[in-house]
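The next block holds one structure in the form of structure tokens; read it before the comments.
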Amino acid sequence: MRPSVHPVTNLSFSTRESRLQREFSNFCEIAEVKLVKDELTKKSKGYAFIQYTSQDDALLALENMDCKSFDGRLIYVDIAKPGKEAFREYPKTSGPPKKQQLPKQDEVADCWY
């Protein structure tokens, strides 16, 4: 069986790894829970990665926990997408789109319709 990693987003900042472990282990054996924290403040960033020992059981957790209320917030569970150079590291979630820098225009073209 291949392990499967799921990002869990929109977590309450007070959610603890032990709470995630307890709730998500209802579906199968968990290899690891990683609650992502700010390096300076050590406070939660509101998302985590949960690694399951089995892909099939991980999909069961995804189906049961995605869009559920957890610690007072609606959480989202997704399938992780590996980064280009993230081999052996935590996968990256897609997140919101990055803002693009558009070139400034000096003139505005007159458009008459």
Side-chain angles (χ1 to χ4, degrees):
M1 288 185 262
R2 287 182 47 201
S4 182
V5 177
H6 289 274
V8 181
T9 58
N10 201 39
L11 291 169
S12 168
F13 296 114
S14 63
T15 297
R16 305 255 185 246
E17 282 184 2
S18 58
R19 171 96 167 93
L20 290 166
Q21 175 86 31
R22 191 170 52 248
E23 194 69 30
F24 280 81
S25 64
N26 289 327
F27 305 100
C28 76
E29 186 179 347
I30 293 177
E32 183 178 14
V33 174
K34 175 65 177 170
L35 182 64
V36 180
K37 297 178 182 179
D38 182 270
E39 290 181 25
L40 296 174
T41 65
K42 305 299 182 204
K43 292 183 180 180
S44 169
K45 288 189 171 187
Y47 66 98
F49 294 99
I50 299 179
Q51 182 175 13
Y52 285 92
T53 55
S54 160
Q55 279 186 323
D56 292 336
D57 292 335
L59 289 175
L60 181 65
L62 182 140
E63 291 170 2
N64 284 282
M65 294 299 292
D66 187 37
C67 298
K68 296 291 181 188
S69 180
F70 186 83
D71 285 348
R73 298 196 60 172
L74 187 66
I75 63 168
Y76 303 98
V77 182
D78 200 0
I79 296 173
K81 300 161 189 74
K84 290 181 187 176
E85 298 175 25
F87 185 69
R88 295 294 218 192
E89 294 181 14
Y90 288 102
K92 298 176 178 158
T93 58
S94 56
K98 295 192 176 15
K99 291 186 179 184
Q100 295 180 350
Q101 294 287 7
L102 299 175
K104 290 187 177 183
Q105 293 182 336
D106 293 331
E107 292 184 23
V108 177
D110 288 332
C111 296
W112 296 92
Y113 293 98

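When reading the values below, keep in mind they use all heavy atoms of this one structure, side chains included, and skip hydrogens, waters and symmetry mates.
- Two residues are said to be in side-chain contact when any heavy atoms from C-beta on lie closer than 4.5 Å; Thr9 and Asp78 fail this criterion.
- Atom CG of Leu60 sits about 13.5 Å away from atom CD of Gln55, to the nearest 0.5 Å.
- Leu59 pairs by the side-chain contact (heavy atoms from CB on, under 4.5 Å) definition with Ile79, not counting sequence neighbours.
- For the atom pair CD (Glu32) and CD1 (Ile50), the distance works out to 10.5 Å, reported to the nearest 0.5 Å.
- Within the hydrophobic cluster formed by Ile, Leu, Val, Met, Phe, Trp and Tyr side chains joined at under 4.5 Å, directly or through other members, Tyr76 is accompanied by Leu74.
- Taking each heavy atom of Phe49 and Pro7 in turn, the nearest pair found is CE2-CB, 3.7 Å.
- By the side-chain contact (heavy atoms from CB on, under 4.5 Å) test, Ser18 is found to be paired with Arg16, residues two or more places apart in sequence or in another chain being considered.
- Counting heavy atoms from C-beta on, the side chains of Phe70 and Val8 never come closer than 4.5 Å.
- The backbone N or O of His6 sits nowhere less than 3.5 Å from a side-chain atom of Tyr52 that would complete a donor-acceptor pair.
- Annotation: side-chain hydrogen bond (donor to acceptor under 3.5 Å, both in side chains) contacts involving residues 60-73, sequence neighbours excluded, comprise Asn10-Arg73, Thr15-Asp71, Arg19-Asp71.
- Atom CD1 in Ile30 sits 10.0 Å away from atom CD in Glu23 (nearest 0.5 Å).
- Between the side chain of Glu17 and the backbone N or O of Leu35 there is at least one donor-acceptor pair closer than 3.5 Å.
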task = Under the side chain to side chain contact (heavy atoms under 4.5 Å, CB included) rule, what do Leu20 and Leu11 come out as? Steps first, then yes or no, please.
result = CA-CA 10 Å; Leu20 290 166; Leu11 291 169; 4.0 Å; yes
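- The shortest distance between side-chain heavy atoms of Val33 and Phe24 does not fall below 4.5 Å.
- Nearest heavy atom pair, residue Ser44 against residue Phe13, reads O-CD2, 3.2 Å.
- Counting Ile, Leu, Val, Met, Phe, Trp and Tyr side chains that sit under 4.5 Å apart, directly or through other members, Leu40 stands alone, with no cluster partners.
- For Ser12, the side-chain hydrogen bond (donor to acceptor under 3.5 Å, both in side chains) partners at least two apart in sequence or on another chain are Ser14.
- Smallest separation of non-hydrogen atoms from Lys42 and Lys37: O-CD, 3.5 Å.
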